[in-house]
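Take a look at the structure below.
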Amino acid sequence: MAFEIPQGLHPDLMALAWMVGRWEGVGNGQWPGRGDFTYGAQLDFSHNGGPYMHYVGQLFDLDDQGDAVGTMHVETGFWRPQRDASLEVVMCHPDGYAEVWFGVISGARIELTTDAVARTLTAELPYTGGHRLYGNVESDLAFTFDRATTDHELQNYLFARLQRSVPRS
């Protein structure tokens with residue numbers, strides 16, 4: 001897993017240093033009523049010297065040629081690693097819900113489970129909880145997201161293997 005530790009990275013973020021940057025690629029998903037689908041993904045992990053990472057995840061609907069034709073999903077939040085290798089994550093979504101995740105960092109593997117989900121009255125989805133795995137697989141970022149709603153038990157929703165985006169000079 002070749003990467004450079006970002007300059008100014010807070011010591012509490014060292015276990016997540018490999019994630020800092022932009023990750024892009026194509027993933028697959030499945031959901032009742034939608035069936036199987038392919039999507040584009042862009043995940044950005046950044047830092048500002050504090051003991052947390054800022055995260056922005058964007059997923060895009062793709063046309064038959066693989067070009068992005070619309071935004072499928074957006075989330076943003078903060079990843080807060082703790083000294084005991086636990087991880088706290090808070091995220092919010094423009095669809096009307098926010099999440100608190102707890103998990104554990106084990107080398108280049110991260111496992112998260114929702115502790116709380118709050119929804120607005122007009123939230124687009126009756127989302128109730130989730131489970132996520134992230135990992136470094138041959139220098140790629142692999143992730144999977146299982147979710148539950150009031151209508152569906154916890155089940156696989158998204159999975160992808162993304163490549164690090166090289167900044168343009």
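Positions are given from 1 along the sequence.
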Between [X] (side chain) and [Y] (backbone), is there a donor-acceptor pair under 3.5 Å?
X: His93; Y: Asp95; result: no
X: Thr76; Y: Tyr55; result: yes
X: Thr144; Y: Ala160; result: no
X: Thr149; Y: Asp151; result: yes
X: Trp23; Y: Met19; result: yes
X: Arg161; Y: Asp140; result: no
X: Ser106; Y: Arg109; result: no
X: Thr114; Y: Gly129; result: no
X: Gln30; Y: Asn28; result: no
X: Gln155; Y: Glu153; result: yes

Item to check | Step-by-step salt bridge (charged side-chain N to carboxylate O under 4.0 Å, His left out) determination, Arg164 to Glu24 | outcome: CA-CA 6 Å; Arg164 185 181 298 278; Glu24 298 177 310; over 6 Å; no

Going only through I, L, V, M, F, W and Y residues with side-chain contacts under 4.5 Å, is there a path from [X] to [Y]?
X: Val137; Y: Leu16; result: no
X: Leu112; Y: Phe102; result: no
X: Ile110; Y: Phe159; result: no
X: Met72; Y: Tyr97; result: yes
X: Met91; Y: Leu133; result: no

Item to check | Steps toward side chain to side chain contact (heavy atoms under 4.5 Å, CB included) verdict (Asp61, Tyr39) | outcome: CA-CA 5 Å; Asp61 290 312; Tyr39 63 91; 5.7 Å; no

Is any side-chain heavy atom of [X] closer than 4.5 Å to a side-chain heavy atom of [Y]?
X: Pro81; Y: Leu13; answer: yes
X: Asp63; Y: Val69; answer: yes
X: Met14; Y: Leu9; answer: yes
X: Val26; Y: Leu62; answer: yes

Nearest heavy-atom neighbours spanning [X] and [Y]:
X: Val117; Y: Glu99; result: CG2-CG, 4.3 Å
X: Gly96; Y: Ala123; result: O-CB, 3.4 Å
X: Leu59; Y: Ala41; result: CD2-CB, 3.6 Å
X: Ala108; Y: Trp18; result: O-CZ2, 3.7 Å

Checklist entry - Within 45° of the six-membered ring axis of Phe78 and under 6.0 Å from that ring's centre, is NZ or CZ of Arg80 located there? => result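 Output no; distance or angle outside limits.
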
Between [X] and [Y], is the ring centre distance below 6.0 Å?
X: Trp79; Y: Tyr52; answer: no
X: Trp31; Y: His152; answer: yes
X: Phe45; Y: His54; answer: no

Item to check | Working for side chain to side chain contact (heavy atoms under 4.5 Å, CB included), residues Tyr134 and Glu111 | outcome: CA-CA 7 Å; Tyr134 295 82; Glu111 184 170 6; over 6 Å; no

Rounded to the nearest 0.5 Å, how far apart are [atom1] of [X] and [atom2] of [Y]?
X: Gln58; Y: Leu43; atom1: CD; atom2: CG; answer: 9.0 Å
X: Asn156; Y: Leu158; atom1: CG; atom2: CG; answer: 7.5 Å
X: Gln7; Y: Ile5; atom1: CD; atom2: CD1; answer: 12.0 Å
X: Leu162; Y: Arg22; atom1: CG; atom2: CZ; answer: 12.0 Å
X: Thr150; Y: Tyr127; atom1: OG1; atom2: OH; answer: 13.0 Å
X: Leu154; Y: Arg147; atom1: CG; atom2: CZ; answer: 11.0 Å

Checklist entry - Do the rings of Trp101 and Phe145 sit parallel, tilted or perpendicular, given the 30° and 60° boundaries? => result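 Geometry flag for Phe145 against Trp101: perpendicular rings.
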
